[in-house]
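Contents: one structure, followed by commentary.
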Amino acid sequence: MNPIANNVVLALSFFICISFFPLLNAMPDITPTCEKTKHKDLCIGSFQESYLGRYLPENANPKLLASIIIKIVVNNASDVSRNLKTTVLEGPVPLTPEVRAKYGICDQEVVSAMKELDKVRTSMEMSNRISEKLNMQAAITNVENCVKELTQVEAQLPDKKQFDEVIVLKEMLENVDDIIKTLG
């Protein structure tokens with residue numbers, strides 16, 4: 001090939017690649033889905049901040065969006081559990097036996113909620129609405145139990161950050177529940 005033809009092919013290839021660039025960065029509009037939740041700003045924000053939302057087609061169906069949001073919440077729950085363990089239970093701040101026990105129970109509840117969320121996703125894939133609802137309610141109950149445990153010793157908590165993280169996790173679970181209810 002002559003040099004002019006090579007340059008034309010190279011330029012054409014470059015422009016074809018550039019034309020697909022917006023598609024690579026396209027993100028589905030989560031707003032209509034999140035509008036149906038109690039904590040819509042948290043729903044939108046957590047989806048947009050997560051790398052998981054970046055690899056979906058713009059026209060992703062609500063069931064796929066719900067599945068991705070569940071993954072985001074599971075990742076958040078994992079972070080909460082890790083923070084409870086490393087910052088509090090294994091951290092340098094001495095805790096009373098009562099506070100240590102409450103944090104331990106809370107961590108167990110968060111881990112149980114993550115397992116229930118995995119069951120929710122499996123139930124969604126199998127279109128088992130009854131199991132989906134039961135597992136979703138179990139996940140919410142687990143995190144509510146965690147909140148109750150920490151509330152009992154709130155004045156003694158060395159750092160409110162973990163308590164706030166658990167509250168956000170509870171709100172994220174309520175959002176997932178709201179989204180799942182819309183799937184019909």
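Going from atom CD1 of Ile69 over to atom NZ of Lys71 covers 12.0 Å, rounded to the nearest 0.5 Å. For the atom pair OG1 (Thr141) and CD (Gln137), the distance works out to 4.5 Å, reported to the nearest 0.5 Å. Rounded to the nearest 0.5 angstrom, Lys181 NZ and Arg129 CZ are separated by 10.5 Å. Here the straight-line distance linking atom NZ of Lys119 with atom CE of Met126 works out to 12.0 Å at 0.5 Å rounding. With values rounded to the nearest 0.5 angstrom, Phe163 atom CZ is found 4.0 Å from Ile167 atom CD1. Lys63 NZ to Thr33 OG1: the interatomic distance, rounded to the nearest 0.5 Å, is 14.5 Å.
Taking 4.5 Å as the limit, every side-chain heavy atom of Asn76 sits out of range of all side-chain heavy atoms of Ser46. Looking at heavy atoms from C-beta onward, Asp107 lies in side-chain contact with Lys85 at the 4.5 angstrom threshold. Here the side chains of Glu109 and Glu149 are not in contact, with every heavy-atom distance at 4.5 Å or above. Between Met124 and Ile70, some side-chain heavy-atom pair lies under the 4.5 Å cut-off. Inter-residue side-chain proximity for Gln108 and Val111 is flagged as unmet; no heavy-atom pair is nearer than 4.5 Å. In this structure, the side chains of Tyr103 and Val153 stay at 4.5 Å or more apart for every pair of heavy atoms. Side-chain contact between Arg121 and Val74: absent, with no pair of heavy atoms (C-beta onward) separated by less than 4.5 Å.
The closest donor-acceptor contact from the side chain of Ser81 to the backbone of Ala77 lies at 3.5 Å or more, if one exists at all. Checking side-chain atoms of Lys160 against main-chain N and O of Glu154 turns up a donor-acceptor pair under 3.5 Å. Judged by distance alone, the side chain of Lys38 and the main-chain N or O of Asp178 form no donor-acceptor pair under 3.5 Å.
Here the closest heavy-atom approach between residue Ser78 and residue Met114 is recorded as N-SD, 3.3 Å. Taking both residues in full, the closest heavy atoms of Ala139 and Ala113 are given as O-CB, 3.7 Å, listed atom of the first, atom of the second, then distance.
The side chain to side chain contact (heavy atoms under 4.5 Å, CB included) search around Ser112 returns Asn142, not counting sequence neighbours.
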#### Entry: Audit row: Leu117, Met136, side-chain contact (heavy atoms from CB on, under 4.5 Å) steps and yes/no
CA-CA 7 Å; Leu117 283 172; Met136 190 65 233; 4.1 Å; yes
### Message
One pair to check against side-chain contact (heavy atoms from CB on, under 4.5 Å): Gln162 and Leu157. What are the steps and the verdict?
### Response
CA-CA 9 Å; Gln162 284 77 25; Leu157 298 178; over 6 Å; no
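Note on Val143: it does not cluster hydrophobically with Ile105, by side-chain heavy-atom contacts below 4.5 Å among ILVMFWY residues. A single hydrophobic cluster is not seen to contain both Ile179 and Leu134; linkage of ILVMFWY side chains at heavy-atom distances under 4.5 Å, directly or through other members, places them apart.
Between Glu165 and Lys161 there is a salt bridge, since at least one side-chain N of the basic residue sits less than 4.0 Å from a carboxylate O of the acidic one. With respect to Asp79 and Arg82, a salt bridge is recorded, a charged nitrogen being found less than 4.0 Å from a carboxylate O.
Here the rule is side-chain contact (heavy atoms from CB on, under 4.5 Å) with Val120, and of Val73, Ile180, Asn128 only Ile180 fits it.
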Could you list the donor-acceptor pairs under 3.5 angstrom formed by side chains in residues 168-175, with sequence neighbours left out?
{"residue": "Lys170", "atom": "NZ", "partner": "Glu174", "partner atom": "OE2", "Å": "2.8"}
{"residue": "Glu174", "atom": "OE1", "partner": "His39", "partner atom": "NE2", "Å": "2.6"}
{"residue": "Asn175", "atom": "OD1", "partner": "Thr37", "partner atom": "OG1", "Å": "3.4"}
{"residue": "Asn175", "atom": "OD1", "partner": "His39", "partner atom": "N", "Å": "3.0"}
{"residue": "Asn175", "atom": "ND2", "partner": "His39", "partner atom": "O", "Å": "2.9"}

